[in-house]
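Quick caveat: nothing in here was measured; it's all calculated off a predicted structure. Chain letters run A, B, ... following the sequence lines, proteins first and then strands; every chain starts at 1.
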There are 2 protein chains.
Amino acid sequence: MSLPHAILTALLEKPSSGLELTRRFDRSIGYFWSATHQQIYRELGKLEQAGHIRALPAQAPARGQKKEYEVLPAGRAELAAWVRRSEDPKPIRDALLLRLRAAAVVGTEGFGDELRRHLALHRAQLAEYLAMEERQFPPERDSEADRLRHLVLRGGIELERFWTAWLTEALAEFDRRDC
Amino acid sequence: MSLPHAILTALLEKPSSGLELTRRFDRSIGYFWSATHQQIYRELGKLEQAGHIRALPAQAPARGQKKEYEVLPAGRAELAAWVRRSEDPKPIRDALLLRLRAAAVVGTEGFGDELRRHLALHRAQLAEYLAMEERQFPPERDSEADRLRHLVLRGGIELERFWTAWLTEALAEFDRRDC
DNA sequence: AGCCCCATGTAACTGGTTACATGATTGA
DNA sequence: TCAATCATGTAACCAGTTACATGGGGCT
């Protein structure tokens with residue numbers, strides 16, 4: 001039940017249309033909760049029906065027309081309740097670790113390249129987050145909300161650091177074997 | 001499409017019944033790919049129909065009866081092909097980071113306790129993995145397959161270290177504010 | 001007989017993915 | 001007028017979750 005809450009958070013930060021939300025999910029929010037436009041439109045419909053958000057008036061409700069939403073008090077209350085609710089961490093599901101384990105059984109041929117490819121992707125992601133950090137969190141921006149958002153971004157950064165470190169170690173292991 | 005391959009890997013390591021697989025998913029394989037018994041039975045049915053595994057003969061196929069499976073050559077081939085296939089890393093979806101971001105908007109009241117709870121859970125998981133490492137990978141066990149499996153476990157360990165470190169940092173931030 | 005545990009399953013639901021459809025606006 | 005792009009949506013499917021059903025074997 002996280003997507004509707006991700007959308008409520010995004011809309012509280014700034015009222016938006018479905019496509020704008022999609023783009024924001026591709027950027028800032030997307031680094032810890034991704035969603036496609038199809039999901040977002042479906043969820044916006046549900047949230048509107050539940051009375052958690054509403055379309056800003058003075059918008060033609062026609063098909064190809066932009067439709068902006070804002071959060072209603074009920075939506076904010078629901079989000080606050082969700083934040084206070086306690087939820088266990090979900091067990092990891094990582095296909096790359098799984099594939100490495102499978103490779104231990106059926107052979108590692110060609111797997112080094114895949115590890116190198118992932119390493120490059122994670123390095124790029126790390127660089128992007130670091131650039132974001134510099135842009136969005138200069139030392140003088142230090143309000144309460146900023147510090148919390150910064151903490152979230154540092155989570156993303158440290159996660160990418162973990163991956164680059166682990167992949168580097170894995171590749172060293174691979175290269176040692178192949179000599 | 002990872003669950004069937006997780007099952008093929010587990011069955012290659014050791015032919016098993018559905019319930020035995022479930023237990024192994026709760027332990028070793030589960031630390032990077034979790035699955036419930038319902039999923040496993042369903043997937044075993046599909047894999048059998050596809051000709052990737054078969055039930056060991058000399059087993060009564062009655063309802064309450066144990067049914068052991070082994071991997072057929074076609075299943076091994078499919079697994080090897082999957083390992084060689086290249087797959088992009090999935091974007092992260094983490095509810096705790098999302099909730100922290102939401103808390104930045106609607107207020108952090110009570111969230112420190114949730115962070116402490118998660119920290120305790122991740123510390124416990126880390127301790128469990130470290131114990132597993134000592135048990136399963138003593139220095140003398142150093143075959144090719146062992147080193148790869150060890151690498152996978154170290155992935156799990158480093159991931160838990162990341163979480164404990166990040167949660168500690170987040171709590172420090174919270175406690176600083178509350179004074 | 002009644003209970004518990006082992007073992008295998010079914011059914012309904014939820015959330016996420018993929019492919020496609022449709023209308024509005026803009027600029028060549 | 002045509003193509004590209006912005007914008008909103010539908011439909012079918014797939015994977016994972018939750019709740020429940022059924023049967024066998026052993027224990028008291």
K.L.:
Below 4.0 angstrom from OP1 or OP2 of C/dG9, is there any side-chain N or O of B/Lys67?
P.N.:
yes
K.L.:
Applying salt bridge (Lys or Arg N to Asp or Glu O under 4.0 Å), which residue pairs with at least one partner in residues 74-85 of chain B are found, sequence neighbours left out?
P.N.:
B/Glu78-B/Arg85
K.L.:
What is the distance from CD of A/Glu48 to C1' of D/dG9, rounded to the nearest Å?
P.N.:
14 Å
K.L.:
Please report, to 0.1 Å, the donor-acceptor pairs under 3.5 Å made by any side chain of residues 127-138 of chain B, with sequence neighbours excluded.
P.N.:
residue	atom	partner	partner atom	Å
B/Tyr129	OH	B/Gln125	NE2	3.4
B/Glu133	OE2	B/His150	NE2	2.7

K.L.:
Which whole-number value in Å describes the distance from B/Lys90 NZ to C/dG15 P?
P.N.:
18 Å
K.L.:
Starting from P on D/dA7, measure out to NZ on A/Lys66 and report it in whole angstrom.
P.N.:
5 Å
K.L.:
Scan for side chain to side chain donor-acceptor pair (under 3.5 Å) pairs involving residues 44-56 of chain B, sequence neighbours excluded, and state none if there are none.
P.N.:
B/Arg54-B/Glu70
K.L.:
Starting at atom CD of B/Glu68, determine the distance to atom C1' of C/dT8, rounded to an integer number of angstrom.
P.N.:
14 Å
K.L.:
Would you please name every residue forming a ring-ring contact (aromatic ring centres under 6.0 Å, His included) with A/His118, sequence neighbours left out?
P.N.:
none
K.L.:
Output the residues of residues 21-45 of chain A in contact with DNA chain D, where contact means a heavy atom of the residue under 4.0 Å from an atom of the strand; sort by number or write none.
P.N.:
A/Arg23, A/His37, A/Gln38, A/Tyr41
K.L.:
Residues in side chain to side chain donor-acceptor pair (under 3.5 Å) with A/Asp26, at least two apart?
P.N.:
none
K.L.:
List the steps and the verdict of side-chain contact (heavy atoms from CB on, under 4.5 Å) for B/Val152 and B/Tyr31.
P.N.:
CA-CA 10 Å; B/Val152 174; B/Tyr31 67 71; 4.0 Å; yes
K.L.:
Mind checking A/Ser2 for me? I need base, sugar-phosphate or nothing, with any heavy atom below 4.0 Å counting as a touch.
P.N.:
nothing
K.L.:
Report the distance from atom NZ of A/Lys46 to atom C1' of D/dG9, rounded to the nearest whole Å.
P.N.:
15 Å
K.L.:
Where each residue is assigned the nucleotide of DNA chain C containing its nearest heavy atom, which of B/Arg93 and B/Tyr69 is assigned the position nearer the 5′ end?
P.N.:
B/Tyr69
K.L.:
Atom CD of A/Glu20 to atom C1' of D/dT8: distance rounded to whole Å?
P.N.:
13 Å
K.L.:
Please report the distance, rounded to the nearest Å, between CD in A/Gln49 and P in D/dG9.
P.N.:
12 Å
